[in-house]
Structure formats: C-alpha cells, structure tokens
Amino acid sequence: MELFIVLVIAILVILYRGYNGKNAVHFINDQVTVLYDKFAPYSYKKVREKTKQLGQEYTARQYVIQAVLIGGFLGLIAYLYFYNLIIAILYVIFGVMIVPYISFLRCNRVYSEFIFEQVQVYTSNTIMEFATTQSFVKSLEGVRESGLLEDPVAGDVDRMIELAYKNGSIDESLAYFNQLYPYYIVKNMHQLFLQITKEGARNTADSLEQMQLDIDTLVEGVYRDRIDRQTFHRKFLQFGVMLYILTLLVQYLLGKESYIILLEKWYIQLFLHAIILVNSGFLLKGEKYYNENVGAE
C-alpha cells in the first residue's frame, strides 16, 4: 500500500514539472488534442468545437484532475481487492482510458442542449413572425435576419429559404429541417404551416396561439427532464461507488488474512475482476443515459 501511495505522489509531481519549458499538463492536453483531431469522427469534431465556442469545454487542468480521480479510484479499489501493485497500475491505466469517452458523452450533451435551445428560438420566433407576415418563407427570413440563431441552425435555415425559392414550395424545406432536427416541436410546427399553406387557411391566429402553447409545454417538460437527470446522476454515482465498496465489506468480515488466502484461487480473482468491470460498465451506461439527446424523439 505504501508503494502505491508513493507511485501516486510521483505521478502528481511529474504533472507539475516542466516539459521542454512547458507545463506537463499543457503537454498532455496538446497530445490528447492531436489524437482527437486525428482519430475522432468529423461529427464529433464539430461538436467539440461548438463546445469550445460555448466556453464549456474542460480545461487541461480539469481533464487531468478527472483522469487522476477516476484512475486513482480504480487503482485504489483494485489494490484493495487484489493487493497487487501491477494489477492496480493496470486499472489506473484503464481508468485514464475511460476519460476520453466520458468527455465525448459530455460534449454531446452540451451540444445537444445548445441545439435544443436554438430549435426553441427557431420555432417560437417563426410563429411570431408568421403572425405578422402570413408567409412561411418571409417568417424564416425574419428569424434569420434577427441574428438570434447561430450555426449550424442558422445555416440550415438559410438552406431552407434557398430550397423554398428554388422549388416554389416549402415541402422540401420542411423535410430537410425535419431530418436534421427530429424534435416534436419542429415536426408539429412544420405540419401546421404545411396545412395552412396547402389549405389556404385565412384565420390562423388561434392555431398559432395553440401551437405556441404546445411548444411552451414541450420545452417545460424538457427542462424538467434535465433537472431530473441531474438529480438521478448524483444518486447514481453514489450508488455505483457503493457497489465497489460492498466487496471490501466482505473482506472486512472475513478478515484480511483469510481474504488473502482466498485470493490464491484463480476463480476468486476472476470473480473480483468481473465485479470491477461490470460495475464500471454499469456506471458508464448511467453516464450515457445522463448525456443522451435533449428534447429529441
């Protein structure tokens, strides 16, 4: 145990020493960025870039702290399970390797929340513009010129306007946007505008007002779900950590000497490895649920 603590301290010292005149934290961040840019799919690169623009990307220090906490926790658990430094180090490496996946999930969540907020702005303002212009295309132009939308939604609205003028109808424009943003509020609003356009309805005030109320209700539900997810996330992490500790309670009941004797049996070690891996998978699945798309079907 003493050797393991010394190893952790040594890693922390290395992180704060200079590396060719640069802080080691910055060096690690640069190398991770290179790997991201080289191997990450294009869609994720866009998501990560938007997360940076929103100012919600983790700093190098935050990434390193996360890696130390996760790797250190798994390493400590592994050592207390097996009393083997090599196995503990392997689990430290495993914990550090999980960090990019957690970062991927978090960036997707941040991006998803941003897109939903943009879609909310798009639908609400398009309805208000339509109440004045009585033209769907003119409504899109008004929303676009307001400057309230940001890319990629702003660019996609431009594409909708282009398709509408090119085809002389809004059908393809609506299908284009619906495919990119499969939200209830988008599909419901577009269906209403399509119906108004096809049937030539004159008195649309009541329909538009009801649609605005529906959008407000859906948005309220999404934000309530976000709060529920945050509460779930905290409790879930606490529960997940307790699952690791249950095995230590068994060790306490048996006594350390009896437990070490049990460790000499290969199937006991295999069972302990399975506990750590299954618990880790369970926590990652919970992280995935927490970071799932916001507001989409």
Side-chain angles (χ1 to χ4, degrees), residues 40-58 101-131 136 139-161 163 170 173-194 207-234 236 285-297:
Y42 176 70
S43 58
Y44 177 56
K45 291 178 183 178
K46 289 176 59 179
V47 169
R48 189 163 180 261
E49 185 61 33
K50 178 56 71 173
T51 304
K52 287 182 179 180
Q53 293 176 12
L54 295 172
Q56 297 192 49
E57 167 75 348
Y58 275 169
Y101 178 66
I102 295 177
S103 173
F104 165 77
L105 293 176
R106 180 182 177 277
C107 284
N108 277 340
R109 175 175 56 81
V110 171
Y111 184 76
S112 180
E113 290 174 352
F114 162 75
I115 290 296
F116 180 77
E117 290 170 358
Q118 286 286 289
V119 165
Q120 176 190 352
V121 170
Y122 162 75
T123 52
S124 298
N125 285 274
T126 300
I127 289 176
M128 288 189 290
E129 288 285 341
F130 188 86
F136 181 66
S139 300
L140 293 181
E141 291 176 338
V143 173
R144 184 64 180 89
E145 292 170 2
S146 69
L148 296 173
L149 295 178
E150 299 181 32
D151 285 329
V153 177
D156 292 325
V157 170
D158 283 339
R159 179 58 177 165
M160 289 178 72
I161 297 171
L163 290 172
I170 64 173
S173 297
L174 300 185
Y176 170 79
F177 202 86
N178 287 346
Q179 183 178 6
L180 290 176
Y181 305 100
Y183 298 86
Y184 287 113
I185 54 178
V186 170
K187 292 184 176 180
N188 291 347
M189 186 191 76
H190 284 173
Q191 184 61 37
L192 175 62
F193 283 126
L194 190 61
S207 298
L208 293 174
E209 184 179 355
Q210 184 59 49
M211 177 57 65
Q212 187 66 64
L213 290 175
D214 291 342
I215 290 174
D216 292 341
T217 300
L218 288 168
V219 170
E220 181 183 353
V222 168
Y223 283 105
R224 189 184 303 115
D225 177 69
R226 184 185 299 183
I227 295 173
D228 292 341
R229 287 192 191 201
Q230 292 173 349
T231 302
F232 157 82
H233 188 238
R234 289 192 297 269
F236 181 82
K285 190 173 182 179
E287 283 292 314
K288 184 176 183 299
Y289 168 77
Y290 171 62
N291 293 285
E292 292 261 323
N293 286 344
V294 175
E297 294 184 13

Note to self: Before you tell me yes or no, could you show the steps for Phe177 and Tyr122 under ring-ring contact (aromatic ring centres under 6.0 Å, His included), namely the whole-Å CA-CA distance, both residues' side-chain angles and the distance that decides it to 0.1 Å?
What the structure shows: CA-CA 11 Å; Phe177 202 86; Tyr122 162 75; 4.6 Å; yes
Next item on the list: Mind checking the CG-OG spacing from Leu105 to Ser112? Nearest 0.5 Å is all I need.
Entry: 12.0 Å
Checklist line | From Glu117 atom CD to Leu149 atom CG, the distance as rounded to the nearest 0.5 Å | finding: 12.5 Å
Margin query: Asn188: which residues meet the side chain to side chain donor-acceptor pair (under 3.5 Å) condition with it, sequence neighbours left out?
Written below: none
Checklist line | Reported NE2-to-OH distance for the pair His190 and Tyr176, which is rounded to 0.5 angstrom | finding: 12.0 Å
Note to self: Does any part of the side chain of Phe136, heavy atoms only, come nearer than 4.5 Å to the side chain of Met160, both counted from C-beta?
What the structure shows: yes
Next item on the list: Could you tell me whether the side chain of Val157 reaches within less than 4.5 Å of the side chain of Val143, counting heavy atoms only?
Entry: no
Check: How many angstroms lie between atom CZ of Arg144 and atom CG of Asp158, to the nearest 0.5 angstrom?
Finding: 4.0 Å
Checklist line | Heavy-atom side-chain contact between Thr123 and Tyr183 under 4.5 Å | finding: no
Item checked: Shortest non-hydrogen contact between Cys107 and Thr51, atoms and distance -> O-OG1, 3.7 Å
Note to self: What's the separation between atom CD in Gln120 and atom CG in Asn125, rounded to the nearest 0.5 Å?
What the structure shows: 9.5 Å
Checklist line | Test item: Arg106 and Tyr58 side chains (from C-beta on) under 4.5 Å apart, heavy atoms | finding: yes
Item checked: pair Glu287-Asn291: side-chain heavy atoms closer than 4.5 Å -> yes
Next item on the list: State, to 0.1 Å, how close Ile170 and Phe193 come at their nearest heavy-atom pair, and which atoms those are.
Entry: CD1-O, 4.2 Å
Check: Do Glu150 and Phe114 have side-chain heavy atoms sitting under 4.5 Å apart?
Finding: yes
Next item on the list: Side-chain contact test, heavy atoms from C-beta onward, threshold under 4.5 Å: evaluate it for Lys288 versus Tyr101 and give yes or no.
Entry: yes
Next item on the list: Go through the structure and list residues passing ring-ring contact (aromatic ring centres under 6.0 Å, His included) with Tyr290, not counting sequence neighbours.
Entry: His233
Margin query: Within this structure, what is the CG-CD distance for the pair Leu174 and Gln179, rounded to the nearest 0.5 Å?
Written below: 13.0 Å
Note to self: For Phe232 and Tyr289, I'd like to know if the aromatic rings sit close, meaning centre-to-centre distance below 6.0 Å.
What the structure shows: yes
Notebook entry, point to check: Quick one: are Lys50 and Gln53 in side-chain contact, heavy atoms under 4.5 Å?
Noted result: yes
